[in-house]
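Quick notes on the structure that follows.
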Protein chains: 2
Amino acid sequence: MSLRERKTAKKKKEIIQSAVSIIGEKGYHATTMEEIASKLLMTKGSVYYYFKDKQELLFQSQKLLLEQSLENIKEVIKEKEIVQEKLREAMVVHVEFLLTESTGFEIGAKPEQLFSGKQLEEILSLRNQYSQYIDELIIEGVEAQVFHEADVKIVRNILLGAMNSVIEWYSTDGQKGKQEIAELMADYLLRILKRDC
Amino acid sequence: MSLRERKTAKKKKEIIQSAVSIIGEKGYHATTMEEIASKLLMTKGSVYYYFKDKQELLFQSQKLLLEQSLENIKEVIKEKEIVQEKLREAMVVHVEFLLTESTGFEIGAKPEQLFSGKQLEEILSLRNQYSQYIDELIIEGVEAQVFHEADVKIVRNILLGAMNSVIEWYSTDGQKGKQEIAELMADYLLRILKRDC
DNA sequence: TCAGTTTTTAACTGTCAAGTTAATTTTCGA
DNA sequence: TCGAAAATTAACTTGACAGTTAAAAACTGA
């Protein structure tokens, strides 16, 4: 990778970060390309040099986040031995990542409103892959009789729904840190599945 | 209430419904006043006769929904005797109402992005009142030793987060009905709190 | 029926932002 | 160092939409 290429990659990343931070705050339509640019002391013409249009910029930013999430969960599943530990750690990491990238995730809450066609397909596919991993952990636990019999889809959606909501209510000026919240949530949610109480 | 007044009220309601259905689908900024009007075979001038501006229309629609939610939970708390029954029924009704008014609720997910000033205050106040009711039920259960000791805020947010997510994944063409889903969710979520398993 | 009031409409204005472009400046490898 | 390629910019076009208005139509009560 040449110097030029690396510089371009860096610029793209900066632009994505700027976009995410402003869109996260004001919403996609309420955010202008000029704002995104001027936050980086650029003009919007420059932004259009790196990204074909506003939509593409949004898409790239979401894709990045979802790909990272997938990496995270794969990693956790590889590291841990016991099912219950796998699911617990997956949830902890999920909440922690959500909170460190909260603005980004706030944006992508409703993909079908933001994307269409090929882009929507790709985003939904990444999301599905992620759900799949959670489902597998639940099934594994049920089969190992560590967890109660359960409707996998519903429980998975409860877990994800509860966790994802954290970005709406977590406050940095509260007393609890991100890790603490993540662990508390994971423990509470595990109660839904755990056999021994 | 005169005939005229009732007619006006009816028109306002129709406009709100139209607005909710389109905004729910495409998002607030992506929805035009013309679309809202033409769905009712009106022109947007007419809409402006009933609502001062687009923002006011959005606000009224959200206020209506939240007020209705409050009525619902008050009702449930009055009807039931046992704490656990109160919380369970509150959750069932919550999910059911969410699903019958799903488009409306999808819109209001991020109030701070949609509203500001007095409007935001009012919306947040209604939401807070609702949370308060849930909190009280949790506390009541803990004090009666029906529920585990628990961090009330976190558990309440888990419950609400999980329930509210239902509008994102419930599908009318799945096999389960709204009531069934509502009851399943309530039962799963109660496990977080219940002492006896 | 008809006069006054309410409601609706079409046509208009002003603003704002997405995206384009051609000219200028910067960068970097030979 | 120099020239070609890459990157940046200011100025522009275009279209869309919120909100206005003045005139027309519909309604209503006497």
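To find a chain, count down the sequence lines: A is the first, B the second, and so on, and within it residues start at 1. When reading the values below, keep in mind they use all heavy atoms of this one structure, side chains included, and skip hydrogens, waters and symmetry mates.
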What are the atom names and distances for every N/O pair under 3.5 Å that joins the protein to nucleotides 21-27 of chain C?
from   : atom 1 : to     : atom 2 : distance (Å)
C:dT27 : O2     : A:Arg4 : NH2    : 3.4

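Using modelled atom types and a 3.5 Å distance limit, the side chains of A:Glu183 and A:Gln179 yield a donor-acceptor pair. A donor atom on one side chain and an acceptor atom on the other are found under 3.5 Å apart for A:Gln55 and A:Gln119.
When the side-chain nitrogen and oxygen atoms of B:Ser46 are compared with OP1 and OP2 of C:dT7, none of them lie within a distance under 4.0 Å. OP1 or OP2 of C:dT7 has not a single side-chain nitrogen or oxygen of B:Tyr48 nearer than 4.0 Å. For D:dT8, neither phosphate oxygen OP1 nor OP2 lies less than 4.0 angstrom from any side-chain nitrogen or oxygen of A:Tyr49. Proximity of A:Thr8 to the phosphate of D:dA7: a side-chain N or O atom is located under 4.0 Å from OP1 or OP2.
The side chain of A:Tyr50 sits closest to D:dA7 out of D:dA18, D:dA7, C:dA18. The side chain of B:Thr32 approaches D:dA18 more closely than any other nucleotide in the set C:dA17, D:dA18, C:dG19.
One can place NE2 of B:His29 at 14 Å from P of C:dC16, the figure rounded to the nearest angstrom. In this entry the distance linking CG of A:Leu58 with P of C:dA18 reads 13 Å, nearest Å. Computed from coordinates, the A:Leu40 CG to D:dA7 P distance equals 16 Å when rounded to whole Å. Counting to the nearest Å, the P atom of C:dT8 and the CZ atom of B:Phe51 are 12 Å from each other.
The distance from atom CD1 of B:Ile123 to atom CD of B:Glu112, rounded to the nearest 0.5 Å, is 11.0 Å. A distance of 11.0 Å separates CE of B:Met33 from CD1 of B:Ile22, quoted to the nearest 0.5 Å.
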Please report the C-alpha distance between A:Glu121 and A:Lys118 in whole Å, then the side-chain angles of each, then the deciding distance to 0.1 Å, and finally whether the salt bridge (charged side-chain N to carboxylate O under 4.0 Å, His left out) criterion is met.
CA-CA 5 Å; A:Glu121 267 176 52; A:Lys118 268 259 160 277; 3.6 Å; yes

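Below 30°, between 30° and 60°, or above 60°: for B:Tyr130 and B:His94 the angle between ring planes is between 30° and 60°, a tilted geometry.
Cation-pi geometry between B:Lys52 and B:Phe59 is not satisfied (NZ or CZ under 6.0 Å from the ring centre, within 45° of the ring normal). Annotation: cation-pi geometry not satisfied between A:Lys86 and A:Tyr133 (NZ/CZ under 6.0 angstrom from ring centroid, within 45° of ring axis).
Put simply, the side chain of B:Lys44 and the base of D:dA18 share a donor and an acceptor less than 3.5 Å apart.
A:Arg88 and A:Glu85 are not joined by a salt bridge, as no carboxylate oxygen comes within less than 4.0 angstrom of a charged side-chain nitrogen.
Scanning residues 112-120 of chain B for heavy-atom distances under 4.0 Å to DNA chain C yields an empty list.
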